[in-house]
Trainee: 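The structure is given below, and queries will be raised subsequently.
Side-chain atoms are counted along with the backbone in the values below, which use heavy atoms only and exclude waters and symmetry mates.
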Amino acid sequence: MRKTFSNPESPLLSGLKRRVIGQDKAVRTIVPWVQMHQSGLSPEGRPAGVFLMLGPTGTGKTRTAEALAEVLHGSSRHMLKIDCGEFHLEHEVAKLIGAPPGYLGHRETHPVLTQPRLTAVTSRHSDLSLVLFDEIEKAAPSLTRLLLGVLDKGVLRLGDNTAVNFERSLIFMTSNLGASGMMKTLEAGFGFRPDGPVDPGTRAKQLENIAMAAVRRHFSPEFVNRLDATITYEPLDGDVLARILDLQLAELQAHIDKRLGDRGFQLCVGKEGRRWLLRHGSSVQYGA
């Protein structure tokens, strides 16, 4: 009798899938790069992985990086997050690397991207630093030019000429580029509505094409070529939203138990309450 062996999911993959609901493709894209780093096979002289995450708002892009921090380090706070909306002017990008010696404000300007800050978001469980550039399309063009050296050589030169090594880092960049075009496709607000249900694979390919077209219009070819993977997040359907609600209710119950201790209580949400939460807590335009 021939024996069959199943290929069980790794703890990393299963842990991410429990936290990021409905985006299995995105999770499966990221996990191999983490595993390569853990096995010591990451490419030398560049970051362990560079990902551009696209898709409509509320689909789990930022949540994916937070969930990976929870799995690797035990807390979503073990991540260096850069809100790119704070760097939409050219001179504000200098805050990331600090002013060089001799320039006004050199001693008062403390760089954001430093080696100690990268080390601070590691843990005894993993030496992998997670760096998130949230909504990168909102940053000044000089930010992407600054990142070219990081994505290519894994090194950032600060204003005082010290170097920051990103070889043990995963770099995530989220963007809403192409989101408006995706929403038009999802809502079928213009043109003719297709007959019958749309194949999920076809819809996913359409959204990916819209997103990538917007990316190529916004970013330079040399920047796009330095990405390890471009991940397009798909909209969340009703079943996925119901599972996300289950997860959030469980997290709320855990929060109650932790904060109140003996004074805690059991949270019960009936069918009507769940329907109300799903109806008011999600939309096609804004996601979950």
Side-chain angles (χ1 to χ4, degrees), residues 20 23 26 30 47 49-70 75-99 105 108-114 117-118 120-121 129-151 156 158-159 164 166 169-184 207 210-220 222-224 226-227 229-233 235-236 281-288:
V20 184
Q23 301 294 355
I30 295 169
V50 181
F51 309 98
L52 178 61
M53 302 186 290
L54 307 167
T57 185
T59 51
K61 300 187 294 294
T62 301
R63 176 58 188 152
T64 302
E66 294 174 344
L68 183 58
E70 292 174 6
S75 172
S76 61
R77 296 182 180 182
H78 276 266
M79 176 178 65
L80 183 57
K81 182 178 179 180
I82 310 298
D83 185 354
C84 293
E86 299 177 2
F87 302 94
H88 65 283
L89 298 178
E90 292 289 343
H91 71 273
E92 293 173 329
V93 177
K95 299 175 185 177
L96 294 174
I97 60 174
E108 292 79 14
T109 304
H110 301 287
V112 175
L113 297 173
T114 64
R117 291 201 175 191
L118 283 184
V121 294
S129 303
L130 307 182
V131 184
L132 172 65
F133 292 89
D134 208 17
E135 297 185 314
I136 192 169
E137 79 279 3
K138 293 183 178 180
S142 57
L143 176 59
T144 54
R145 293 195 296 269
L146 183 70
L147 288 177
L148 284 177
V150 177
L151 305 187
L156 174 67
L158 300 182
V164 182
F166 282 82
S169 299
L170 281 182
I171 298 178
F172 297 94
M173 294 170 280
T174 69
S175 174
N176 291 324
L177 287 172
S180 59
M182 294 182 198
M183 297 315 304
K184 292 178 182 178
L207 298 181
I210 293 171
M212 286 307 302
V215 167
R216 292 190 177 99
R217 287 194 300 268
H218 186 84
F219 294 115
S220 65
E222 56 267 28
F223 181 82
V224 177
R226 284 169 169 80
L227 303 173
T230 303
I231 307 168
T232 303
Y233 282 65
L236 307 175
S282 63
S283 69
V284 176
Q285 184 177 4
Y286 297 109

Trainee: Quick one: CG on L130 to CD on E70, what's the gap to the nearest 0.5 Å?
Mentor: 11.0 Å
Trainee: Looking only at heavy atoms, what is the nearest atom pair of G58 and L236, with distance?
Mentor: O-CD1, 3.7 Å
Trainee: So do M173 and F219 actually touch side chain to side chain, heavy atoms under 4.5 Å?
Mentor: no
Trainee: At what distance, to the nearest 0.5 angstrom, does CG of L132 lie from NZ of K61?
Mentor: 11.0 Å
Trainee: Please step through side chain to side chain contact (heavy atoms under 4.5 Å, CB included) for the pair T64 and F51, ending with a clear verdict.
Mentor: CA-CA 11 Å; T64 302; F51 309 98; over 6 Å; no
Trainee: Would a 4.5 Å heavy-atom cut-off, applied to side chains only, mark L68 and L170 as touching?
Mentor: yes
Trainee: For the CG atom of L147 and the CZ atom of F223, what is their distance to the nearest 0.5 Å?
Mentor: 6.0 Å
Trainee: Write down the atom of A179, the atom of G55, and the distance for their closest heavy-atom approach.
Mentor: CB-O, 4.5 Å
Trainee: Which heavy atom of I231 sits nearest a heavy atom of A26, and at what distance?
Mentor: CG2-CB, 3.5 Å
Trainee: Nearest heavy-atom pair of A69 and S76: which atoms, and what distance?
Mentor: CB-CA, 4.0 Å
Trainee: Rounded to the nearest 0.5 Å, how far apart are CE of M183 and OG1 of T57?
Mentor: 10.0 Å
Trainee: Is the shortest heavy-atom distance from the side chain of L207 to the side chain of P235 under 4.5 Å?
Mentor: yes
Trainee: CG of L148 to CG of L156: how many Å apart, nearest 0.5 Å?
Mentor: 11.5 Å
Trainee: Between L96 and L158, which heavy-atom pair has the shortest distance, and what is it?
Mentor: O-CD2, 4.3 Å
Trainee: Measuring from atom OG1 of T232 to atom CG of L52, what distance do you get when rounded to the nearest 0.5 angstrom?
Mentor: 8.5 Å
Trainee: May I have the step-by-step check of side chain to side chain contact (heavy atoms under 4.5 Å, CB included) for F87 and L146, ending in yes or no?
Mentor: CA-CA 12 Å; F87 302 94; L146 183 70; over 6 Å; no
Trainee: Compare all side-chain heavy atoms of E92 with those of E86 and state whether any distance is below 4.5 angstrom.
Mentor: no
Trainee: Looking at I171 and L151, what are the two nearest heavy atoms and their distance?
Mentor: CD1-CD2, 4.0 Å
Trainee: Could you tell me whether the side chain of I82 reaches within less than 4.5 Å of the side chain of L113, counting heavy atoms only?
Mentor: yes
Trainee: May I have all residue pairs that pass side chain to side chain donor-acceptor pair (under 3.5 Å) and include part of residues 131-148, sequence neighbours excluded?
Mentor: T62-D134, E90-S142, D134-T174, E135-K138, E135-N176, E137-S175
Trainee: Within the structure provided, determine whether T59 and Q23 are in side-chain contact (heavy-atom separation under 4.5 Å).
Mentor: yes
